[in-house]
2 protein chains.
Amino acid sequence: MTDIALPHPHPHDPADLVGLLHARGQRATPQRLVILRELRRRAHHATADEIRHSVRSALPGTSTPTVYAALDLLVELGLARRIDTGAGAALYDARTEPHQHTVCRRCGRVDDLDCELDTQPLRDAADGAGFSATAIETVISGLCADCAAATGEMARA
Amino acid sequence: MTDIALPHPHPHDPADLVGLLHARGQRATPQRLVILRELRRRAHHATADEIRHSVRSALPGTSTPTVYAALDLLVELGLARRIDTGAGAALYDARTEPHQHTVCRRCGRVDDLDCELDTQPLRDAADGAGFSATAIETVISGLCADCAAATGEMARA
DNA sequence: CTGGATGCAAACTCTTTGCATGCAT
DNA sequence: ATGCATGCAAAGAGTTTGCATCCAG
């Protein structure tokens, strides 16, 4: 890890998490710190189970419920997002900056889509309905490039 | 509802479904026709199980797998959408016109949000990545009006 | 110390699969 | 007649709950 002076949106410094937890009267456990660091280390979203396997060396014996609890807490603290694709397990992502996800309904592949999408109208509309929005997730379903090609070949045959 | 001559997007006529099925070499079974009609009769989205209960009088003994199969087929035919809120069962909705959904993370309530949202940039971005998009679902998470009020009261106490 | 957090196991919900039967075409 | 669709049961995946133990503050 050679973070020099980049204005990285995710400083691999858990100090912010410790502060947020203490401000809420909650504990900065090794599980929470390691899980956040692992989530940030990854370039992409990951499932709870993938995270659990990744932290096994640093935190032997970490249980599934603990991983879910830690990830859900990170979401609540605004340090992560949860993406429900409807295809398999939920994904957790430390990239909190706005972006969308494509989900291939054939192979289940999920990719980031960085699209400038103005969600202000959504926030305004939700607010107008008395709804306090904390997260907006947009999921695009369809076929990934590979599966679209494969389907085309099948139709041709 | 007094449909007079409105260009309603959902004519309660199953003829279109019969045609679509036959064009694919598939059968127009009573289950499929009734399930589509029930989904259209409702003003709001519904879970597979809610649909199953609603059609029980018209189709006694209809099984859960059949309901899921029929609903997923309707989605594939473009006559319905599936919304994965991540809170409980998936929702199926015959309102195919673009709209979004708010999900209360406290009580699970789901409401429509009719917001003019330009998804063309998303479709373009997906297309540029070689992804063939067939559906775009936007889910806003947060607290509904009632739960926000209740939470506020709790904080005050 | 003390209450919040963990680990374990088990329960639970939602959804899909396998297979024999049935019915739309 | 043909084979797609159904019903039933059962499995499966993912997530949550209950409770005893543990440890961060």
Side-chain angles (χ1 to χ4, degrees), chain A residues 14-15 17-36 45-53 55-56 58-77 80 82-92 103 105-106 108 110, chain B residues 14-15 17-36 45-53 55-56 58-77 80 82-92 103 105-106 108 110:
Chain A
L17 175 54
V18 175
L20 285 170
L21 287 170
H22 285 179
R24 293 164 50 114
Q26 291 184 288
R27 296 182 186 168
T29 64
Q31 287 84 349
R32 291 171 175 173
L33 299 178
V34 171
I35 285 170
L36 174 59
H45 36 254
T47 65
D49 203 52
E50 286 167 352
I51 294 294
R52 194 173 73 87
H53 280 89
V55 302
R56 198 165 40 173
L59 298 168
T62 301
S63 66
T64 301
T66 298
V67 175
Y68 274 101
L71 290 171
D72 288 340
L73 181 58
L74 294 177
V75 171
E76 197 176 338
L77 293 173
R82 176 180 164 141
I83 302 110
D84 290 294
T85 65
L91 301 174
Y92 291 86
V103 182
R105 66 164 189 269
R106 190 167 171 272
V110 178
Chain B
L17 175 54
V18 176
L20 283 170
L21 288 169
H22 286 177
R24 293 165 49 116
Q26 292 185 287
R27 297 182 185 167
T29 64
Q31 286 83 350
R32 290 171 175 174
L33 300 179
V34 170
I35 285 171
L36 174 58
H45 37 254
T47 66
D49 204 52
E50 286 167 352
I51 293 294
R52 194 173 74 86
H53 280 90
V55 302
R56 200 164 40 173
L59 299 168
T62 301
S63 65
T64 300
T66 297
V67 175
Y68 275 101
L71 289 171
D72 288 339
L73 181 58
L74 294 177
V75 171
E76 197 177 337
L77 292 172
R82 176 180 164 141
I83 303 110
D84 290 293
T85 65
L91 300 174
Y92 293 86
V103 181
R105 66 164 189 269
R106 189 164 173 273
V110 178

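We use all heavy atoms of the structure for the numbers below, so side chains are in, but hydrogens, waters and symmetry mates are not.
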Q: What's the closest nucleotide to the B/Arg32 side chain, out of D/dT15, D/dG7, D/dT6?
A: D/dT6
Q: Atom CZ of A/Arg105 to atom C1' of C/dT15: distance rounded to whole Å?
A: 18 Å
Q: When the distance from CG of B/Leu33 to P of D/dC4 is rounded to whole Å, what number comes out?
A: 19 Å
Q: For a quick test of reading the model, state the closest non-hydrogen atom pair linking B/His45 to B/Val110 and the distance between them.
A: NE2-O, 3.3 Å
Q: Rounded to whole angstroms, how far apart are CD on A/Glu50 and C1' on D/dG14?
A: 13 Å
Q: Using a heavy-atom cut-off of 4.0 Å across all strands, would you classify A/Ala90 as base, sugar-phosphate, or nothing?
A: sugar-phosphate
Q: Measure across B/Ala58 and B/Val34 and return the closest heavy-atom pair with its distance rounded to 0.1 Å.
A: CB-CG1, 4.1 Å
Q: Under the side chain to side chain contact (heavy atoms under 4.5 Å, CB included) rule, collect the residues that match up with A/Arg82, sequence neighbours excluded.
A: A/Asp72, A/Val75, A/Asp84, A/Ala90, A/Tyr92
Q: Round to a whole Å and report the spacing from CZ of B/Arg56 to P of D/dT6.
A: 19 Å
Q: Distance check needed: C/dG4 P versus A/Glu76 CD, whole Å only.
A: 15 Å
Q: Find the distance B/Ile83:CD1 to C/dC14:P and express it as a whole number of Å.
A: 16 Å
Q: Classify every nucleotide of nucleotides 16-25 of chain D by which part a protein heavy atom approaches to under 4.0 Å, writing B for the base, S for the sugar-phosphate alone and - for neither, in 5'-to-3' order.
A: BB-----BBS
Q: How many whole angstroms separate atom CZ of B/Arg52 from atom P of D/dG7?
A: 10 Å
Q: Determine the contact category for A/Thr47: base if any of its heavy atoms lies under 4.0 Å from a base atom, sugar-phosphate if only primed atoms, P, OP1 or OP2 are that close, otherwise nothing.
A: nothing
Q: Is any side-chain nitrogen or oxygen of B/Ser63 closer than 4.0 Å to OP1 or OP2 of D/dT6?
A: no
Q: So how far off straight is the helix from C/dC1-D/dG25 to C/dT25-D/dA1, going by the axes through five pairs at either end, to 10°?
A: 40°
Q: Can you tell me how far C1' of D/dA5 sits from CG of B/Leu59, to the nearest Å?
A: 13 Å
